Amino acid sequence: MKVLLLKDPKDKDSGPDPYIKELGLHGFEATLIPVLSFEFISLESLFEKLSHPECYGGLVFTSPRALEAIKICLKENSKNEAWSKSLKQKWNTKPVYVVGKATASLVEEIGLTPQGEKSGNAEKLAEYICSREKPNSSALLFPCGALKREVLPTVLREKGVPLESLTVYQTTQHADLQESLSSYFSQQVLDADVV
């Protein structure tokens, strides 16, 4: 039986997608079609803020895409040089709060040390941050997506912990979605109910 998964494949570097693998073990032939893509925005503003660690009390990341935005910024030689020579060290004197292991590993890839990765969600990360940050201290810089939930900003605001959000990516429909779906279904003989 065939299964259509509407999701991005897992990173190519980490081997086969676990869904494809698991479904295959149970006799299913799975196909992945990505439905979302991400458009990175405000990258100049992001790097400007990263260039002034003295203005912030630390960083907060709740999404791997926010780290992708930083990596895109650092692809430019002059910015990468500034990051490597001094900015990275200055940010490493401050806390870098993250949700989850995937985000934590991306923080490590840019040379920073993550905290809070075991929190599991934004609400628990907010509690973790509040247990470490003093009210009315320097703002934490929070690169995030346009569709971010307001849980973390709300909890921090209620506890008096300043947070400066900067939208660095927006979620859009994958450019090839319609074509991929049409192609997939044109090759299938539908002999099962669609649930």
Side-chain angles (χ1 to χ4, degrees), residues 8 10-11 13-15 18 36 38-76 79-171:
D8 273 328
K10 190 175 176 193
D11 287 338
D13 300 341
S14 54
L36 300 176
F38 302 98
E39 178 185 344
F40 294 94
I41 58 175
S42 307
L43 297 181
E44 285 300 320
S45 181
L46 173 60
F47 193 76
E48 177 63 27
K49 291 175 185 302
L50 289 172
S51 297
H52 295 283
E54 69 279 1
C55 296
Y56 299 97
L59 291 162
V60 178
F61 296 106
T62 58
S63 159
R65 268 134 336 263
L67 273 302
E68 286 179 45
I70 290 177
K71 286 180 159 189
I72 291 168
C73 286
L74 296 180
K75 281 184 179 174
E76 197 174 304
K79 292 176 181 175
N80 194 5
E81 191 175 319
W83 179 259
S84 297
K85 279 190 174 175
S86 68
L87 294 175
K88 178 173 44 172
Q89 290 80 357
K90 289 177 182 175
W91 280 109
N92 260 327
T93 65
K94 301 169 182 289
V96 180
Y97 299 109
V98 302
V99 170
K101 291 180 181 179
T103 305
S105 81
L106 291 171
V107 163
E108 290 169 345
E109 283 180 23
I110 62 166
L112 300 178
T113 306
Q115 301 181 28
E117 63 266 22
K118 292 181 182 168
S119 56
N121 62 46
E123 187 174 6
K124 286 193 168 80
L125 180 62
E127 291 169 13
Y128 180 86
I129 292 170
C130 290
S131 74
R132 284 160 177 72
E133 296 293 323
K134 295 182 180 116
N136 303 314
S137 54
S138 296
L140 300 170
L141 179 59
F142 179 35
C144 56
L147 300 177
K148 76 176 181 320
R149 293 179 52 225
E150 289 299 320
V151 172
L152 187 132
T154 300
V155 171
L156 295 184
R157 187 173 40 254
E158 288 171 355
K159 300 288 185 181
V161 177
L163 184 73
E164 184 178 321
S165 298
L166 176 65
T167 301
V168 295
Y169 70 92
Q170 49 196 17
T171 307

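Below, each value reflects all heavy atoms present in this structure, side chains not excepted, and no hydrogens, waters or symmetry copies. Keep in mind that what you see is a predicted model, and the values were worked out from it rather than measured.
- S84 places no side-chain N or O within 3.5 Å of a backbone atom of E81 that could act as its donor or acceptor partner.
- Not one N or O on the side chain of E164 forms a donor-acceptor pair closer than 3.5 Å with the backbone of P143.
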Inset, instruction - Please test Y128 against Q115 for side-chain contact (heavy atoms from CB on, under 4.5 Å), starting from the C-alpha separation and ending with a verdict. - result: CA-CA 9 Å; Y128 180 86; Q115 301 181 28; 3.6 Å; yes

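- Separation of atoms NE2 (H52) and NZ (K90) is listed at 9.5 Å; rounding is to 0.5 Å.
- Heavy atoms only, all atoms of each residue included: V161 and E133 are closest at CG1-CB, 4.0 Å.
- For the pair V168 and A66, the tightest heavy-atom approach, listed with the atom from each and the gap, is CG2-CA, 4.1 Å.
- Counting all heavy atoms, side chain and backbone alike, A126 lies closest to L156 at O-CD2, 3.8 Å.
- Side-chain contact between L125 and Y97 is present, with heavy atoms from C-beta onward closer than 4.5 Å.
- Without hydrogens or angle criteria, T103 side chain to V98 main chain gives no donor-acceptor distance under 3.5 Å.
- Atoms OG and CD, on S63 and E68 in that order, are 7.5 Å from each other to the nearest 0.5 Å.
- Interatomic distance, CG of L43 versus CD1 of I72, reported as 6.0 Å (0.5 Å rounding).
- Using a 4.5 Å heavy-atom cutoff, the side chains of I129 and L152 are in contact.
- Between the CD atom of E48 and the OG atom of S42 there is a distance of 13.0 Å, given to the nearest 0.5 Å.
- At a threshold of 4.0 Å, the pair K79-E44 counts as salt-bridged, since one of the basic side-chain nitrogens sits closer than that to a carboxylate oxygen.
- The backbone N or O of I110 lies less than 3.5 Å from a partner atom in the side chain of W83, making a donor-acceptor pair.
- To the nearest 0.5 angstrom, S86 atom OG is 12.0 Å from W91 atom CH2.
- The two residues K148 and P153 make their nearest non-hydrogen contact at CE-CG, 4.2 Å.
- From R149, atom CZ reaches atom OG1 of T154 across 10.0 Å, with rounding to the nearest 0.5 Å.
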Legend entry - Verdict with reasoning, V155 to C130, per side-chain contact (heavy atoms from CB on, under 4.5 Å): CA-CA 8 Å; V155 171; C130 290; 4.3 Å; yes

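- For the pair L112/K88, a side-chain contact is recorded, criterion being any heavy-atom separation below 4.5 Å from C-beta on.
- Minimum interatomic distance between Y56 and L140 (heavy atoms only, all atoms of both residues): CD2-C, 4.4 Å.
- Put simply, the side chain of S165 reaches to within 4.5 Å of the side chain of F142, judged on heavy atoms.
- The aromatic rings of F40 and Y169 sit tilted relative to each other, their planes meeting at an angle between 30° and 60°.
- Annotation: side chain of K49 is not in contact with side chain of C55 (no heavy-atom distance under 4.5 Å).
- Panel note: side chain S137, backbone K134; a donor-acceptor pair is recorded below 3.5 Å.
- Side-chain contact check for F61 versus L106: every heavy-atom pair is 4.5 Å or farther apart.
- Using a 4.5 Å heavy-atom threshold, the side chains of S45 and L166 count as touching.
- Around atom NZ of K101, no more than 12 heavy atoms belonging to other residues, nucleotides or ligands sit under 6.0 Å away.
- Between G111 and N92 the shortest heavy-atom distance is O-ND2, 2.7 Å.
- One N or O on the side chain of K94 and one on the backbone of P53 form a donor-acceptor pair closer than 3.5 Å.
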